[in-house]
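Here the structure comes first, spelled out in structure tokens, and everything after it is commentary.
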Amino acid sequence: MKSYDHKKIEKKWQDRWEKESAYQAVDNSDSPKAYILDMFPYPSGAGLHVGHVEGYTATDIYSRFKRMQGMNVLHPMGWDAFGLPAENYAIKTKVHPDETTNAAINTFRTQIKALGLSYDWTREIGTHTPEYYRWTQWFFLTLFNNGLAYKKMGKVNWCPKDQTVLANEQVVDGKCERCGTVVEQKDLEQWYFGITKYAEDLITGLDTIDWPESTKAAQKNWIGKSEGAEIDFAIAESDQKITVFTTRADTLFGATYLVLAPEHPWVTAMIEGGVTILTNTDAVKSYIAATKMKTDLDRQEQVKEKTGVCLEGVWAINPANQEKIPIYIADYVLPQYGTGAIMAVPAHDVRDFAFAEKFNLPIKLVISNDDDPSKEIIGESLYTGTLGILVNSGSYSGMMPNNAKRAITEKFGRAKTTYKLRDWLVSRQRYWGAPIPIIYCDTCGMVPVPEKDLPVLLPRDVDFMPTGESPLKRSESFQHVSCPTCGKPARRESDTLDTFVCSSWYFFRFADPHDTDTFASKELLQKWLPVDLYMGGAEHTVLHLLYARFFTKVLQTLGYISFNEPFLKMRHQGIILAEDGRKMSKSLGNVINPDDVVSVYGADSLRVYEMFMGPIEQSKPWNTNSIIGSRRFLERVWGLYPNVTDRPLSSGGLLEILLNQTVKKVTGDIEGLKFNTAISAMMVLINAIPPKSEVPRAFYETLLKLLAPFAPHISHELWELSGHTTELRLEAWPVADELKSKGTTVHIAIQINGKTRSDVDAPVDSDKATLEKIARDVVAGKLEGKTVSRVIVVPNRLVNFVVTE
RNA sequence: GCCGGAGUGGCGGAAUGGUAUACGCGAACGACUCAAAAUCGUUUGUCGAAAGGCAUGAGGGUUCGAGUCCCUCCUCCGGCACCA
């Protein structure tokens, strides 16, 4: 018997599959398609991580399984190659990011191939290649031409370390997602994509897709839909008004003051216009200045202490009761949400209450909560619930809050839905990204680069030291251009696109990766998209996964595609933690390098181990000791092949029953992405063979087919060793014979009052009366002297006697 | 505070409302060996000599029967958060 030499075997099959282009997706095939996709990696210098291996193995198993079931599978791989780390590394080492990126890609590709993953390498793409980013730029222009890309002056997040602006989604807890530096706010003119136009679609679409609940909830949270009302408050002795947004129109009678964000345009206008009724202009000005100094993080951290300034001399009129109420500016009201102005109802809102207490403002109760059994009264007169009835509310007194909400909105305002989602800031002051295809001409203004002139090439010779301006601004050859409209000297936009723009459409490109006329042809998009199974980390919940959905919806609106969700089924692989239960990180020195594991145990063992660790979506700690279990399992499969005989499986025998049960179990488990239990089922199967005994060929070959998606190298080798001249991957997936998966007897539990007291083997599918009789005989002694009041019989399962003494 | 998810042996974990702890790791003992490794076998939730109790974060409930369904609470993980 040959020994199991994983190195030799794995190399042999990887080379063969490469030579055969074994896993190419077929564009012109009538077989049903399956598009199975991994989130393409950022090719970092650190190389492949065991976390990558987990997700990639899962989709590989699924892909191989679907192919054996006769499907035409598209399973591609590519590189999310633009981005800051390569550029920052370049700044440190003076090596061009193009070089480091390509080197990293080569490493990744080699590592991935060493795992035996069945990608269609003819479709490999890199977002940093002109052939690719030409179409990234085309998307920008398409959005621009449809009013979905625009340039705007505004307060933006600025990372002082990375020297670039960031999208809202890239700011986590007030810090830069990449480097952890506290983000500053700056007023800058930047490019945005109009994702907020799709806020509602992005919410409703979630109901149509099979995604983890947590991810759907996180996206909903992020979009932050809130249904309420806008209500106008007139300014006393003027023809002006302030519009507030509220979700509690029912408490309008309790509004005892207004609060505006310090940045509110009406306040700015009033100060700049020198409105005379304001009597404390200096105090107001200095409060606004102080607010400007604060970062968003400061503003969040100072939640406990409310601050603000009254606009003295200015009054608003509560439209409900015509009362004159004061107006404040305070930074607890955010300029970018709602209308940047609120009506304060201290009796029924925690924040307004705190503010009113500090500034001694009247607190007027308008909802009596006597009927609320759970009375959430904080302090003496704060109630935030919506049970009870309205009081002190004119003709609305006595109504239930939810009804009053409707009535008061109708009378004094208008229904309004707001979203927390902001438009997506896409321009970056960095080098290593796709240039924004816009030209500025003194005569013609802002001119989009004509499609025929794409791509706008990223120049190679650029000093990419960051200075707060795009390095492209310092490239003379890049900057100077003639205006496409009038031909006069003009200059190019020097910012590049956020890398998330590149990754928002790559899954379309895989359908038609070499197309030079379109980003992907309509026919091939129609054939391959949407993605049937998408696998990737959970860290992109509100970034990539939201942006990709946005792009898809835009393309549908513009008629390029006929579906509006890109990823029908999506799962996250859990994080693989280090053995100590902490996150793997270079600084902790607890990183497991997959190459080492492949070298010692083999790719097949690594694949099986990572799938066997537990449910794919769960975070779980790595345990090098445990890999040995997966390796032992494969060794046992290997060790069986000399014992294979041509004697058929004995009909109705234990092996035949178990084999059919296992086929059914493994098939269902792969379909449900429950790889850990599929593997354990195969282990059970092989444990049923006594050592050194003969193994019927039908049994062994079915086992190899089941194992093929999980451990492709060893199973292909054994298939060949069994005398086959065609490859295992071309075999049809086995189908369980339902009849043969049942034995003649079945184990029945016998319970008394729900507690198992005995058990017995009974003929399979016995009727209830027979089972009861069999069971009664077994436990006759225990039932003696007791009255059986009821008997529950679950066929093929149990018999339960309910007795009284 | 709001939203989502999860708590089961020493460890990773399994279980359509129907015999909890499958499968694997580890451990103990045994076989093989001069010895070790590898391999194979047996045992392995807990109390108990046994019969039999008791155990799925805690406490209630529904049910003939609950890890699973319902209620209250605790802990952990993830997302959002002065969002009106």
Side-chain angles (χ1 to χ4, degrees), chain A residues 172-173 212-226 228-229 244-248 251 255 259 261 299-306 330-334 336-345 348-352 354-355 384 418-421 538-539 541-542 572 574-575 579 581 608-609 612-615 617-630 632-633 635-636 639 674 676-687 691-692 747-759 789-803:
Chain A
V172 179
D173 293 332
E213 268 325 301
S214 55
T215 305
K216 289 191 189 182
Q219 289 211 353
K220 266 187 201 161
N221 259 336
W222 184 260
I223 298 166
K225 181 178 179 174
S226 174
V244 304
F245 174 74
T246 180
T247 54
R248 293 299 303 273
T251 62
V259 188
R299 220 154 147 168
Q300 280 165 29
E301 273 173 355
Q302 290 161 14
V303 167
K304 316 114 214 168
E305 192 60 21
K306 292 270 181 294
D331 65 5
Y332 82 91
V333 173
L334 305 172
Q336 69 274 23
Y337 185 74
T339 60
I342 61 152
M343 62 177 208
V345 186
H348 305 288
D349 180 278
V350 187
R351 297 146 303 180
D352 298 344
F355 191 83
T384 57
T418 43
Y419 302 89
K420 285 193 257 181
L421 185 69
E539 67 273 18
T541 301
V542 292
H572 300 301
I575 297 168
E579 302 213 33
V608 169
Y609 169 63
F612 187 60
M613 286 172 85
E617 301 207 12
Q618 201 166 301
S619 289
K620 49 224 165 225
W622 179 269
N623 186 333
T624 298
N625 266 340
S626 290
I627 303 175
I628 196 73
S630 302
R632 275 182 198 148
F633 165 61
E635 301 248 23
R636 292 188 66 179
K674 296 195 295 193
N676 55 330
T677 49
I679 293 167
S680 96
M682 288 187 275
M683 288 173 168
V684 171
L685 182 69
I686 197 172
N687 286 347
K692 291 179 190 156
H747 215 57
I748 300 288
I750 305 174
Q751 301 183 329
I752 297 173
N753 285 342
K755 297 208 168 180
T756 305
R757 284 290 178 256
S758 190
D759 52 20
S789 59
R790 211 176 142 187
V791 182
I792 284 122
V793 182
V794 183
N796 293 334
R797 283 276 182 188
L798 59 77
V799 179
N800 184 16
F801 296 98
V802 184
V803 303

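Proteins come first, then strands; the chains are lettered A, B, ... in the order of their sequence lines, and each starts at number 1. In this text, all values refer to a predicted model and were calculated from it rather than measured experimentally.
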- Query: Cut-off 3.5 Å, side chains only: do A/Arg790 and A/Asn800 have a donor facing an acceptor?
  - Reply: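 A/Asn800 and A/Arg790 do not have a side-chain donor-acceptor pair below 3.5 Å.
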- Message: OP1 or OP2 of B/U39 versus the side-chain N and O atoms of A/Arg632: is any pair under 4.0 Å?
- Response: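 Affirmative; the distance criterion is met.
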- Are A/Ser226 and B/A84 close enough that a side-chain N or O sits under 4.0 Å from OP1 or OP2?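 Result: yes.
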- Query: With a 3.5 Å cut-off and just heavy-atom distances, do the side chain of A/Asn221 and the base of B/C80 make a donor-acceptor pair?
  - Reply: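 Under the 3.5 Å cut-off, the side chain and the base do not form any donor-acceptor pair.
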- Message: Between the base of B/C80 and the side chain of A/Lys420, is there a donor and acceptor pair under 3.5 angstrom?
- Response: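 Flag unset: no donor-acceptor pair detected.
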- Message: Check for me whether A/Lys306 meets the cation-pi criterion with A/Tyr332, that is, NZ or CZ under 6.0 Å from the six-membered ring centre and within 45 degrees of the ring axis.
- Response: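 The answer is yes, since A/Lys306 meets both limits relative to A/Tyr332.
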Look at the side chain of [X] and decide which nucleotide, out of [options], has an atom nearest to it.
| X | options | value |
| --- | --- | --- |
| A/Lys755 | B/C54, B/C64, B/U19 | B/C54 |
| A/Ser680 | B/C25, B/A22, B/A14 | B/A22 |
| A/Gln751 | B/A14, B/U19, B/G53 | B/U19 |

- Evaluate ring pair (Phe, Tyr, Trp, His ring centres under 6.0 Å) for A/Trp622 paired with A/Tyr609, printing each intermediate quantity in order. CA-CA 10 Å; A/Trp622 179 269; A/Tyr609 169 63; 5.1 Å; yes
- Could you classify B/G59 for me, syn or anti, using a glycosidic angle within 90° of 0 as syn?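 You should classify B/G59 as anti.
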- Message: Taking atom NZ as the centre, does A/Lys225 end up with more than 12 heavy-atom neighbours from other residues, nucleotides or ligands that are less than 6.0 angstrom away?
- Response: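 Yes, NZ of A/Lys225 has more than 12 neighbouring heavy atoms, counting only those of other groups under 6.0 Å.
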- What integer distance in Å separates A/Ile342:CD1 from B/A84:P?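 About 11 Å, once rounded to whole Å.
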